[in-house]
J.: 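Structure below; questions to follow.
Values below: all heavy atoms of this structure, side chains included; hydrogens, waters and symmetry mates excluded.
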Amino acid sequence: MVHQSHFTNNMSIYIQSVSQISVQKPLTEEWFDNPILPKEAFAQSIEPDYKQFIPPAESRRMGRLIKRAITTSLSALKKGGCEMPDAIISGTGLGCIENTEKFLNAVIDNDEECLPPTAFMQSTHNTISSQIAIRLHCHGYNSTYSNQGTSFDSALLDAFIQLQLGQIRSALVGGHDEMTPDYFNMLSKINYWRKEDVNVDMMRQCDKEINSFSGSCSLSMLVGTDHTENTLCRLADIELFHSPMPSQIRDSLFKMLHANKLTLSDVDAVVASYSGNPNVDRYVGHYLTQAMSEFPVIWYKHLFGESFCSSAFGIYVAAMCLHKRLIPKLLLYNPKDAEIKNPKNILVFNYFGWNPSQPNVSLSLLSI
Amino acid sequence: MDQLIEELKKEIIEVLNLEDKKPEDIDENAPLFGGETGLDSIDALELIVMMEKNYGIKLQNAAEGKEIFKSVRTMAEYIKEHRTK
């Protein structure tokens, strides 16, 4: 059993800005007041006008995910008032899977000959961080984490530690994954998605039937040590766990709160990774019941869908609630809960585990 | 020859993903590399793969490429002479 941990010192780390491309209106926070509720299991992301961010001559060789990653990166940097981050750290579960499929299909179709070089070059996971760096001319720390459902969390933890150690002052952290028809169909065969139309109310009844839907994720987040007028909130702590007992999560929660001079009563809510899939959500519920039963639960996958990097939206949703000083009713998992005004501290709990005996889990604390 | 040139222009646009170009935008006599099209060595690799896949031509001598890829017309002339499919 592995347990990675890190607790805060005196250095404050802030989430400066976030930009996303998803099933919600891209590059905006419009989802907070006027969300789109997807109705299909294979929910399509809304593409922005990439030409506003990437000249056509440069974008012609880029796959869809690279375009999204660069666009959200440029947008997040602009929102955060930063021209050049000290580090670029990405999380991705599948990398540029569209190009990987294209290359592998060419291997089969052409009998291992006549293979397209561009698709091969862009099929690697670390293409994303490197393409962002090339676009920005950023020569700083550049890294990629591919740890299934905690890929983004791993990237954020890396940035958090380096910021705390004073090795960098800013980092562009990304969570990027795309869904392709082939991969969607493969997961459909193991009953991972809802077969009929998606309905948010049915997603809550996750103990009865599968109601999850797929959502591609491209989210870029600027984190740094400077508090500016653009700052969304403070990232007080983040920890990753592999196969933890609920009691370990509870212990870490107390240590996390203690390190930040907080108590349980200071926490306004916990963002949980409920997805609408009972095969996964029952374990999320188990951890919440055992370790964090005091808090109202926020969810977000009914708005952004499920992907390897959807945990990035969990952090994003918590940051936006703190920034806007409101947890709207739409984000509350229990329909009987009323909206929460002026939240000050929100936990984010991410559970990922197709194999329930070896899940990856993260716990984060965000504060105003 | 004209038909082959038009076919090649469409294939080049598709293979190199020249989204903002139409066949009529490409001058068959203009330099493919170093000119307005802005193609580079990776594009040359894509064109070599395309010639092998679509026309059954395997370039044995890399130095030949410089002459073959001078323009769309020189490509078409080479393909016409050496194609196996």
J.: Could you check which of B:L45, B:V15, B:I42 has the highest count of heavy-atom pairs closer than 4.5 Å to chain A?
T.: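 Top option by heavy-atom pairs under 4.5 Å: B:I42.
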J.: At a heavy-atom separation under 4.5 Å, does A:P117 approach chain B through its side chain, its backbone, both, or neither?
T.: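 It is both, since atoms from each part get that close.
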J.: With 3.5 angstrom as the limit, list the donor-acceptor pairs from chain A to chain B, or say none if there aren't any.
T.:
unit_1: A:R60; atom_1: O; unit_2: B:N17; atom_2: ND2; d: 2.6
unit_1: A:R60; atom_1: NH1; unit_2: B:L16; atom_2: O; d: 3.0
unit_1: A:R60; atom_1: NH1; unit_2: B:D43; atom_2: OD1; d: 3.1
unit_1: A:R60; atom_1: NH2; unit_2: B:D43; atom_2: OD1; d: 3.3
unit_1: A:R60; atom_1: NH2; unit_2: B:D43; atom_2: OD2; d: 2.7
unit_1: A:R61; atom_1: NH1; unit_2: B:D40; atom_2: OD2; d: 3.2
unit_1: A:R61; atom_1: NH2; unit_2: B:D40; atom_2: OD1; d: 2.6
unit_1: A:R61; atom_1: NH2; unit_2: B:D40; atom_2: OD2; d: 3.1
unit_1: A:R61; atom_1: NH2; unit_2: B:D43; atom_2: OD1; d: 2.9
unit_1: A:R61; atom_1: NH2; unit_2: B:D43; atom_2: OD2; d: 2.9
unit_1: A:T118; atom_1: N; unit_2: B:E46; atom_2: OE2; d: 3.0
unit_1: A:T118; atom_1: OG1; unit_2: B:E46; atom_2: OE2; d: 2.5

J.: Under 6.0 Å from the NZ atom of A:K79, do we count more than 12 heavy atoms belonging to anything else shown?
T.: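 Atom NZ in A:K79 is crowded, with more than 12 foreign heavy atoms closer than 6.0 Å.
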J.: If you count heavy atoms of other groups shown closer than 6.0 angstrom to CZ of A:F120, is the number above 12?
T.: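 Counting other residues, nucleotides and ligands, CZ of A:F120 stays at 12 neighbours or fewer.
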J.: Please look at B:I48 and chain A and tell me whether the side chain, the backbone, both or neither of the residue comes under 4.5 angstrom of a heavy atom of that chain.
T.: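 Contact with chain A: none, neither part.
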J.: Please name all residues satisfying side chain to side chain contact (heavy atoms under 4.5 Å, CB included) with A:N126, sequence neighbours left out, ordered by chain then number.
T.: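 With sequence neighbours excluded, A:N126 shows a side chain to side chain contact (heavy atoms under 4.5 Å, CB included) to A:T124, A:T144, given in chain and number order.
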